[in-house]
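Contents: one structure, followed by commentary.
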There are 2 protein chains.
Amino acid sequence: MSSEVCEIKSLRQDVLEKVSNEMEDNEFYEKISSTFKLLGDYNRIRIISALHCHEMCVCELSILLDMSQSSISHQLRILRHNNFVKYRKEDKKVFYSLNNSQIYDLIKEGESI
Amino acid sequence: MSSEVCEIKSLRQDVLEKVSNEMEDNEFYEKISSTFKLLGDYNRIRIISALHCHEMCVCELSILLDMSQSSISHQLRILRHNNFVKYRKEDKKVFYSLNNSQIYDLIKEGESI
DNA sequence: TGTTCACATGAATATATGTTCATATGTCTA
DNA sequence: TAGACATATGAACATATATTCATGTGAACA
């Protein structure tokens, strides 16, 4: 809040008050922006979209998306920690799938922008 | 595509083919992810939300959101270049507003995640 | 015409983030 | 039980991105 710019007289206090009242609290915008940040990566979007089509193991995702196994694992960890994906273990493999379709629905919404 | 992992036999070729056919092309995911990346910043989300409430000048945004004038200007430039906001000049001031409500609608969709 | 105001912008800086590399873990099989 | 396979993960590295700082631009005004 720099005092060098914008004297009080030049501000429309009524507008500031109106907007301030209408806006949500900071936690709201922190949550929303962090959700979008997770969707703001090319490879994560592709992983989510792939899993929306079919449950897959790390190895299959790696081949399908032409990414290293390590990179896929790192990204899946992020998606796991944010409850976007779930997994089940079968023998040596770990099969991942979308936790629910909400996140994919949001991606489809973003399509129209 | 590392050849050290995942022999052909362990992959389900039918699944890979199915998913590969269902998925969009890379340009699609690049566009979507870059859109979400723009929404993946706390201050940009707040700017968009504020402008959804009311047209405002840089100075007012700066005070309202407790950000420096420079930072607001830089972020507005990004939003401008991506056609999220429009502006009009009046005397010494520049008033910004949302170009359309699509982007705000998307933010509201993200609320439920 | 010089000064103030409002905003824009380039450069520098700091930080966040994604990938790679090396390695650890756990499971299955010969 | 040794080795291959599938995945996870920490550290290092490279890159992207947001903010600050300094300064430039243009309009109003005395």
Side-chain angles (χ1 to χ4, degrees), chain A residues 1-12 29-30 33-48 55-82 85-96, chain B residues 1-12 29-30 33-48 55-82 85-96:
Chain A
M1 185 94 74
S2 57
S3 57
E4 295 88 354
V5 294
C6 294
E7 313 257 322
I8 301 296
K9 56 184 175 182
S10 71
L11 298 173
R12 297 170 300 176
Y29 298 113
E30 279 172 10
S33 60
S34 62
T35 296
F36 284 123
K37 188 169 293 186
L38 290 169
L39 298 179
D41 179 79
Y42 173 66
N43 285 327
R44 270 198 299 272
I45 285 276
R46 293 199 304 152
I47 291 174
I48 292 171
E55 176 195 63
M56 273 184 288
C57 68
V58 176
C59 177
E60 288 167 335
L61 282 170
S62 173
I63 297 293
L64 176 73
L65 303 179
D66 194 19
M67 294 171 60
S68 72
Q69 175 267 319
S70 178
S71 188
I72 292 278
S73 267
H74 279 297
Q75 293 295 2
L76 284 172
R77 186 158 70 113
I78 294 173
L79 296 175
R80 239 163 45 214
H81 289 350
N82 287 276
V85 299
K86 60 178 184 290
Y87 63 94
R88 66 180 179 85
K89 299 187 179 182
E90 185 179 312
D91 296 346
K92 289 178 293 189
K93 300 203 174 185
V94 181
F95 287 94
Y96 283 85
Chain B
M1 186 93 75
S2 57
S3 58
E4 294 89 354
V5 295
C6 294
E7 313 258 321
I8 301 296
K9 56 182 176 180
S10 70
L11 298 173
R12 298 170 300 177
Y29 297 114
E30 278 173 11
S33 61
S34 63
T35 297
F36 283 123
K37 188 169 293 188
L38 289 170
L39 297 180
D41 180 79
Y42 173 67
N43 285 327
R44 269 198 300 271
I45 284 277
R46 293 198 306 152
I47 291 174
I48 292 171
E55 178 194 61
M56 274 183 288
C57 67
V58 177
C59 177
E60 288 167 335
L61 282 169
S62 173
I63 297 293
L64 176 74
L65 303 178
D66 193 19
M67 292 171 62
S68 72
Q69 175 267 319
S70 178
S71 188
I72 292 278
S73 268
H74 279 297
Q75 293 296 2
L76 283 172
R77 186 159 70 113
I78 294 173
L79 296 175
R80 239 165 44 215
H81 288 350
N82 286 276
V85 299
K86 60 178 184 291
Y87 64 94
R88 64 179 181 86
K89 299 187 178 183
E90 183 179 312
D91 296 345
K92 290 177 293 188
K93 301 202 173 184
V94 181
F95 287 94
Y96 283 85

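Within every chain, numbering begins at 1; the chains are lettered A, B, ... in the order of the sequence lines, protein sequences first and strands thereafter. Bear in mind that the values here come from a model prediction, so they are computed numbers and not experimental data. Worth knowing before you read on, the calculation uses all heavy atoms, side chains too, and leaves out hydrogens, waters and symmetry mates.
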With sequence neighbours left out, write down each residue that passes side chain to side chain contact (heavy atoms under 4.5 Å, CB included) with A:Lys86, or none if nothing qualifies. A:Ser97, A:Asn99
Please list, for nucleotides 12-16 of chain D, all pairs of protein and nucleotide N/O atoms separated by less than 3.5 Å.
none

In this structure, how many angstroms lie between the P atom of C:dT19 and the CG atom of A:Leu65, rounded? 11 Å
Can you check the A:Arg88 CZ to C:dG26 P distance for me, whole Å? 21 Å
Closest contact, heavy atoms only, A:Lys89 versus A:Val94: CG-CG2, 4.1 Å
Against the side chain of A:Lys93, the closest entry in D:dT19, D:dT7, C:dT20 is D:dT7
Tabulate protein N/O versus nucleotide N/O from nucleotides 27-30 of chain C, keeping only pairs under 3.5 Å, one per line.
from: C:dC28; atom 1: OP1; to: A:Asp91; atom 2: OD1; distance (Å): 3.4

Without decimals, in angstroms, what is the distance between B:Lys89 NZ and C:dA6 P? 15 Å
Return no unless some side-chain N or O of B:Asn43 is found under 4.0 Å from OP1 or OP2 of D:dA18. no
Report the residue (A:Gly40 or B:Leu76) whose heavy-atom-nearest nucleotide on DNA chain C is the more 5′ of the two. B:Leu76
Which nucleotide in the set D:dT20, C:dG18, D:dA8 lies at the smallest distance from any side-chain heavy atom of A:Gln75? C:dG18
Which heavy-atom pair separates A:Ser68 from A:Ser62 by the least distance, and what is that distance? C-OG, 3.9 Å
Tell me whether the OP1 or OP2 atom of D:dA18 has a side-chain N or O from B:Arg44 closer than 4.0 Å. yes
The ring pair (Phe, Tyr, Trp, His ring centres under 6.0 Å) partners of A:Tyr87 (sequence neighbours excluded) come to A:Tyr96
Indicate yes or no for a side-chain donor-acceptor contact from A:Asp91 to the backbone of A:Lys93 under 3.5 Å, with no hydrogens or angles considered. no
Whole angstrom value for the distance that separates P of D:dA8 from CD1 of A:Ile78: 13 Å
Between N or O atoms, less than 3.5 Å apart, protein on one side and nucleotides 9-13 of chain C on the other: list the pairs.
from: C:dT9; atom 1: OP2; to: B:Arg80; atom 2: NH2; distance (Å): 3.3
from: C:dT9; atom 1: O4; to: B:Ser70; atom 2: OG; distance (Å): 2.8
from: C:dG10; atom 1: O6; to: B:His74; atom 2: NE2; distance (Å): 2.9

Counterpart residues, side-chain hydrogen bond (donor to acceptor under 3.5 Å, both in side chains), relative to B:Ser73 (two or more places apart): B:Gln69
Base, sugar-phosphate alone, or nothing: which one does B:Tyr96 contact when heavy atoms must sit under 4.0 Å apart? sugar-phosphate
Any side-chain to backbone donor/acceptor pair from A:Glu90 onto A:Phe95? Under 3.5 Å, distance only. no
Tell me the interatomic distance from A:Ile72, atom CD1, to C:dC21, atom P, rounded to whole angstroms. 16 Å
Could you give the CG-to-P distance, from A:Asp41 to D:dT17, as a whole number of Å? 10 Å
